[in-house]
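Report on the structure given below.
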Amino acid sequence: MTLTERDGLILEAAIEFGPDYFYDIRNGTLGLTLYIEAPNKTEAGFVRSAAPSFWKKLYVVVIYHTDPEFSADTV
C-alpha cells in the first residue's frame with residue numbers, strides 16, 4: 001500500500017465515521033488494520049456501533065485511553 005492509498009483510506013474513514021477521532025493504518029495480527037482512537041469509552045462505543053469489523057479489506061479496531069490518575073472516589 002502506498003502512502004497516497006493509505007492517506008486516502010484514512011480520509012475516507014474520517015468522512016464515514018467522523019473527523020473527531022484519530023485514524024491510523026498499521027499491520028496487525030489479522031493483516032492491515034484500521035485503528036480508530038476515540039477520546040473516551042462512550043465515544044468508542046458510538047464508533048464501534050458505526051464501524052464494521054472489516055472495512056475496505058481492513059480489520060477495524062476501536063481503542064480509547066483512560067486517564068490513569070482518574071479515580072471514581074474523586075467524582
Side-chain angles (χ1 to χ4, degrees):
M1 173 180 295
T2 66
L3 287 176
T4 304
E5 291 171 334
R6 179 185 172 278
D7 290 346
L9 285 171
I10 289 174
L11 180 61
E12 284 184 54
I15 291 169
E16 188 166 336
F17 306 122
D20 298 329
Y21 310 111
F22 177 76
Y23 298 89
D24 193 17
I25 296 175
R26 301 188 304 251
N27 282 324
T29 56
L30 294 174
L32 282 178
T33 303
L34 172 66
Y35 289 91
I36 305 173
E37 185 178 338
N40 55 48
K41 185 177 182 177
T42 305
E43 288 288 323
F46 290 135
V47 175
R48 182 73 266 171
S49 65
S53 296
F54 285 92
W55 178 79
K56 305 237 183 211
K57 297 183 180 181
L58 298 172
Y59 184 62
V60 177
V61 174
V62 178
I63 58 175
Y64 66 94
H65 296 284
T66 57
D67 185 2
E69 296 181 15
F70 176 77
S71 171
D73 299 332
T74 60
V75 175

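In this chain, numbering begins with 1 at the start of the sequence shown.
Taking CD of Glu43 as the reference point, atom CD of Glu37 lies at 12.5 Å (rounded to 0.5 Å). Expressed to the nearest 0.5 Å, how far OG1 of Thr33 lies from OH of Tyr59 amounts to 7.5 Å. Taking CZ of Arg6 as the reference point, atom CG of Asp24 lies at 5.0 Å (rounded to 0.5 Å). Between the CD1 atom of Ile36 and the CD1 atom of Ile25 there is a distance of 10.0 Å, given to the nearest 0.5 Å. The distance from the CG atom of Leu34 to the NZ atom of Lys56 is 11.5 Å, given to the nearest 0.5 Å. The CG atom of Leu32 lies 11.0 Å from the CG atom of Leu30; values are rounded to the nearest 0.5 Å.
Transitive grouping of hydrophobic side chains (ILVMFWY, heavy atoms separated by less than 4.5 Å) keeps Tyr64 and Phe17 in distinct clusters. Under the 4.5 Å side-chain heavy-atom criterion for ILVMFWY residues, no single connected hydrophobic cluster contains both Leu11 and Val60. Grouping the Ile, Leu, Val, Met, Phe, Trp and Tyr side chains by contacts below 4.5 angstrom, directly or via other members, places Leu9 apart from Leu3.
In the displayed structure, Tyr23 atom OH is contacted under 6.0 Å by more than 12 heavy atoms of other residues, nucleotides or ligands. The neighbour count for Phe46 CZ, taken as heavy atoms of other residues, nucleotides or ligands under 6.0 Å away, does not exceed 12.
In terms of heavy-atom proximity, Ala38 sits nearest to Tyr21 at CA-CD2, 3.8 Å. Shortest non-hydrogen contact noted between Trp55 and Ala13 is CH2-N, 3.5 Å.
With a 4.5 Å cut-off on side-chain heavy atoms, Val61 and Tyr35 count as touching.
Under a 3.5 Å cut-off, the side chain of Glu5 and the backbone N or O of Thr2 do form a donor-acceptor pair.
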